[in-house]
2 protein chains.
Amino acid sequence: MDVRRANKIAEDLEQFILTGEYADGERLDEVKLAEQFGVSRTPIREAFQQLTVSGLVEQLPRRGVFVRQPGPVELLEMFEYMAEIEAVCGRLAAKRISDEALGLLEEANAKCEEAVQKGDADEYYRKNEQFHHLIYKQSGNGFLEQEAFRLHRRLKPFRRIQLHLRGRMKQSLAEHKAIVEALNDSKPEEAANALRDHVAVQGEKFHHLMIKMKSAAE
Amino acid sequence: MDVRRANKIAEDLEQFILTGEYADGERLDEVKLAEQFGVSRTPIREAFQQLTVSGLVEQLPRRGVFVRQPGPVELLEMFEYMAEIEAVCGRLAAKRISDEALGLLEEANAKCEEAVQKGDADEYYRKNEQFHHLIYKQSGNGFLEQEAFRLHRRLKPFRRIQLHLRGRMKQSLAEHKAIVEALNDSKPEEAANALRDHVAVQGEKFHHLMIKMKSAAE
DNA sequence: AAACTTGGTATTGTATACAAAAAAGTTGAC
DNA sequence: GTCAACTTTTTTGTATACAATACCAAGTTT
């Protein structure tokens, strides 16, 4: 099926923004982007509309569009929200997860463990992602799953940073095990709490990193 | 400040879709809409991009855009999600709510009570909305607040239907009181549970209505 | 009669032209 | 040298033109 051009452009731009290729406040030049993508301004502008709704970009009338990286406060809010969303997924998944999915979850976790032993942060990152996506799915609520997925994606670049902190991978893995256990025992509240804490700690680690970076800059 | 034209058009179209003015699967005609709004196709198309991201409309390449009303399953999923989101708001608000906001909440609830006595469903609806928005805000998380607001808005037309069910307003009011109490006593889990149930029952009532409508149609 | 062309029409997607507004640059007064 | 008014240049927003594709209906073939 022929994907829409504007969609593809929007995705590309989203990628650039999420990976931090474009700095906060930077103006996105219509004509320059049109040249880069080898199209006219029209599809570029359509892509801008999409990015605006996603909140990755801000349109000021008659001024242009500017990338909008979340500030420290918004970022903490997003992490808190993510923690709560995952907790909800866990709570529902504890009631609804299938044996098969539980097997897949343990499998993904085993791969995480391998990655920890190899000290391969990238591999850990990928398998960790699978682990979480599985839980989203097992919430049994497609809408919730999509929302969780969306936010997870949005926070990707910020989550990645703190994974390289000393001992974080090992700790993360231990948390995973607690989560699997709660799901296996069909204990909704425990699963929710385990997942909330697991994600919240990411936010805290990130917060910690931010403060360090800030004081280092002074 | 001069609002963007495409934004305004998108809002208008969103309104039409949310109020059910456009049926599910209906194609939105670019040229017809362009005439109606007195603009060219360009701003219409930009509005379409926004609606697509919001999920209110689906774009099939080279075919056009079609309104996408949520089906029964998706609707139930959305209600469940809403219930969980509100529960989260309640949990956080119980820890963070200010005395002032608590006063406003009781005030809004008193207005709800008046509306019940007058049997004014519309007035009840408005005050009920204020009540919920206050709780979103008191979660102390702006991002969460926005997400809750967005979904609340999306579910508006479906929530409205079930409010006219016999005795629903009175029951709803009683639930409100339990919520206020939990917030007042700073009991996060109770607030969360009260809010979850309060919203979940809306979903159930709606589900019930759907089945009735379906069987009536046979 | 069903399925398969074929020509015509309508509709989408993209480029481009043009108008309106903002930004940048220039001149001139003090 | 600084600031203000004016001019030029960019840039955004919108309309329109045009190409490519999908849709539809009549006619043709099997």
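Chain identifiers are assigned alphabetically (A, B, ...) following the order of the sequence lines, protein sequences preceding nucleic acid strands; residue numbering begins at 1 within each chain.
When each of D/dT12, D/dT21, C/dT14 is scored by its nearest atom to the side-chain atoms of A/T42, the top-ranked nucleotide is C/dT14. Ranking C/dA20, D/dA17, D/dT21 by closeness to the A/R62 side chain, first place goes to C/dA20. Which of C/dG13, D/dT11, D/dG13 sits closest to the side chain of A/R27 comes down to D/dT11. In this structure, the nucleotide among C/dT14, D/dG13, D/dT14 sitting nearest to the side chain of A/S40 is C/dT14. Nearest nucleotide to the side chain of B/R5, out of D/dT14, C/dA21, D/dA22: D/dT14. Distances from the side chain of B/R63 to the nucleotides C/dT11, D/dA22, C/dG13 place D/dA22 closest. Side-chain proximity of B/R45 to the nucleotides D/dA22, C/dT14, D/dT14 is greatest for C/dT14.
The aromatic rings of B/H176 and B/F131 lie parallel to each other, with less than 30° between the two planes, well short of the 60° mark.
Between A/F66 atom CZ and C/dA22 atom P there is a gap of 13 Å when expressed in whole angstrom units. Computed from coordinates, the B/N7 CG to D/dG13 P distance equals 10 Å when rounded to whole Å. C/dT16 atom P lies 15 Å from atom CD of A/E30, rounded to whole Å. When rounded to the nearest whole Å, the span between CZ of A/R4 and P of D/dT21 equals 14 Å. We find that CG of A/D29 is positioned 13 Å from C1' of C/dA23, with the value rounded to whole Å. Rounding to whole angstrom units, CG of residue B/L33 and C1' of C/dT11 are separated by 14 Å. Spacing between atom CG of A/L28 and atom P of D/dG13 amounts to 13 Å, rounded to whole angstrom units. Put simply, CD1 on A/I44 is 14 Å from P on D/dG13, counting in whole angstrom units.
Across B/C112 and B/N128, no two heavy atoms sit closer than the pair SG-N, 3.6 Å. Residues B/M78 and B/L151 approach most closely at O-CD2, 4.0 Å, considering heavy atoms.
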request  = For side chain to side chain donor-acceptor pair (under 3.5 Å), just list the numbers for A/E21 and A/T19, CA-CA rounded to whole Å, side-chain angles, deciding distance to a tenth of an Å, and then say yes or no.
outcome  = CA-CA 6 Å; A/E21 210 130 337; A/T19 57; 3.3 Å; yes
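Heavy-atom distances to DNA chain D give each of B/E46 and B/R41 a nearest nucleotide, and the one nearer the 5′ end belongs to B/E46.
The residue B/V31 sits apart from the nucleic acid: no heavy atom pair falls under 4.0 Å.
Checking B/E86 against B/Y136 by side-chain atom types alone, a donor-acceptor pair falls below 3.5 Å.
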